[in-house]
Amino acid sequence: MAYRWTASPKLNDQKVEQLANSINVSPAIATLLLQRGIETYEQAKKFFRPQLTDLYDPFLMKDMDRAVERIKLAIQNKQRFLIYGDYDVDGTTSVSIVYSFFKKLTPNIEYYIPDRYKEGYGVSKIGIDYAISTGVNLIIALDCGTRSIELIQYAKDNGIDFIVCDHHLPGEDLPDAVALLNPKRKDCEYPYKELSGCGIGFKLLQAYSQATDMPEEEAYRYLDLVAVSTCSDIVEIRDENRILVYYGLKKINEDPCIGLQALLQSYAIKQEYDVSDIVFGIGPKINAAGRIADAKSSVKLLIEEDFHQALYLSKTLNENNSERKDIDNDITKEAMDILETSEELRARKSTVLYSEKWHKGVIGIVASRLIETYYKPTIIFSEVNGMLTGSARSIKDFDVHEAIGACGDLVIQYGGHKYAAGLTIRKESFEAFTQKFEEIVTQNTSEELLTPEIEYDMELNFSDITTNFFKVLDQFKPHGPGNMVPIFRSNHLIDAGSRVVKDKHLKLVATQKGIRFDGIAFNMGDAYSIIGKNVPFDICYSLEINEFKGNKNLQLKVRDIRPSL
């Protein structure tokens, strides 16, 4: 796939110099900090040295006082309450921490995860009816509920109060809940708006600890699961989220909960786990239960306190994940075969595909995989109860949620955000919807937009890449949205013995003005034809430590290669 290379906007040289001098770093490090919104000594200190004492007061969140008082009343009066959450990683980790915390304070508590196929996303009538039938007085909804106006009213009419802990965008009207903890509501002055659903659940635990004079460590013990949620839900890792992930990773590496210990045993034994281990290893295993079977099995594992039982439970999640991989690999192959045998489909600006055989639980993953190859706004549909249910994924700077909305009456319902959405259409509307969606994508994209982009932070000479530079750079972790891994560009390199390994990867050896670096370019063996002619070439890359047989060395992780101009 051909990429366009884009340099980050140039910064004011004076600002770079001022920050470099104030915190005693190189101009290159100061530039990277400024690109990430770090402009002062105090901000840099908080960035490099996150402290739990820098977490915001949870009572700054609108309705937090009401939520705490209602829970205290429920515990005092021995009322039954239900911890209700979505079936994905954010929902199941949220339920796990809130249930585990309050289970120590009351026996009158249980949890509920809706069935993806029978109940769908969010608060369901089936779930509320279950609460009514079991005498529940209070439901704490996590990672959902902000838009469940009618259902929360239905619960209230049946004597059940709701506390909503959610991070999704509210509509014009808010539900009549006892408390709606959502920093994105217009009347909430909480300083940070981008917490995950589990992050908001954590703030509730933090507030309850403060209000009842419990040690705050009782809330901090769940930071490992907060980190799993924050990383897996792809929310930004800045500000308060950076603190939560920093200390959550610390706990994962030093003292993870029993359930995570069991999952890590089956993932990989490593000296240190990082964000990528959560995103690509732990998160998918927790998610797989809700995609393939019953998401309650994820909660069972994450609240388990016996290691041998946790190992047994983790076996189920691993089996679910293996099945999920097989299914999404098969569907991805089928989808790619359809595209490869149709020049007309490949010529379109969008990809919209459907098969009644495709599994609803993995079509979002398939859409993402197709974008990796074809780089177009993509929707994959499966059939559920005679209707077509779709998962949409998008490319940079194209609002797929808005595009689906512009399809008007062809869409029965939809929701999501700019880069990922879900929708339902009638089976007989598929062709008309496909045509309408293609028209909207064509009108709102350009060839440039449909070419994947590598945005690099700055140009570096090999002479800039010193041990001290990398030591400081390594402290930019944890990485994620809002603080992505820095990408660099180096120009006019000369091959110094590169080779293709395993028939598809390029083991790069390059020099620039006498300084040599090794690198790895995965799935870029074809690029050997560019560099093997002893002509200068440019690369975009990140920096990492490569460990092989106990030896560690700094290497370039190459993102793209092109001949020098």
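There is a side-chain donor-acceptor pair under 3.5 Å between Y192 and N241. Looking only at atom types and distance, the side chain of D233 has no donor-acceptor partner in the side chain of S196 under 3.5 Å away. Side-chain atoms of D306 and Y312 form no donor-acceptor pair, as typed in the model, at a separation below 3.5 Å. Side chains of D239 and Y56: a donor-acceptor N/O pair is present below 3.5 angstrom, by distance only.
The pair D328-K325 does not count as a salt bridge, with every side-chain nitrogen at least 4.0 angstrom from each carboxylate oxygen. Between E119 and K125 there is no salt bridge, since none of the side-chain N atoms of the basic residue sits less than 4.0 Å from a carboxylate O of the acidic one. Ionic pairing of D457 and R36 is present here: one or more N-O contacts between side-chain nitrogen and carboxylate oxygen are shorter than 4.0 angstrom. Between R221 and E217 there is no salt bridge, since none of the side-chain N atoms of the basic residue sits less than 4.0 Å from a carboxylate O of the acidic one. Between K396 and E453 there is a salt bridge, since a side-chain N of the basic residue sits under 4.0 Å from a carboxylate O of the acidic one. Of the charged side-chain nitrogens involved, at least one lies within less than 4.0 Å of a carboxylate oxygen, so that E254 and K250 count as a salt-bridged pair.
Judged by distance alone, with hydrogens and angles left aside, the side-chain atoms of D277 form a donor-acceptor pair with the main-chain N or O of D274 at under 3.5 Å. Between the D161 side chain and the I139 main chain, no donor and acceptor come within less than 3.5 Å of each other.
At a threshold of 4.5 Å between non-hydrogen side-chain atoms, the residues R70 and N137 count as touching.
With a 6.0 Å cutoff to the six-membered ring centre and a 45° limit on the axis angle, K296 counts as a cation-pi contact of Y112.
Classified by interplanar angle (parallel below 30°, tilted 30° to 60°, perpendicular above 60°), the ring pair Y414/H401 is tilted.
Sparse packing is recorded around NZ of K45, with 12 or fewer heavy atoms of other residues, nucleotides or ligands lying under 6.0 Å away.
For the residue pair E305 and I258, the shortest heavy atom distance occurs at O-CG1, 3.8 Å. Summarising the geometry of I278 relative to S232, their closest heavy-atom pair is CG2-OG, 3.6 Å, with the distance given to 0.1 Å.
Looking at residues two or more places apart in sequence or on another chain, you find a ring-ring contact (aromatic ring centres under 6.0 Å, His included) between F476 and F47, F48.
Taking the centre of each ring, Y419 and F398 stay at or above the 6.0 Å mark.
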Without placing hydrogens or testing angles, list every side-chain donor-acceptor pair under 3.5 Å for residues 181-189, not counting sequence neighbours.
unit_1, atom_1, unit_2, atom_2, d
N182, OD1, K184, N, 2.8
N182, ND2, T146, OG1, 3.0
N182, ND2, D166, O, 3.4
N182, ND2, H168, O, 2.8
K184, NZ, H167, O, 2.8
R185, NE, D187, OD1, 2.6
R185, NH1, D63, OD2, 3.0
R185, NH1, L180, O, 2.9
R185, NH2, D187, OD1, 3.4
R185, NH2, D187, OD2, 3.0

- Step by step, would you call F162 with Y84 a ring pair (Phe, Tyr, Trp, His ring centres under 6.0 Å)? CA-CA 10 Å; F162 253 88; Y84 187 112; 7.3 Å; no
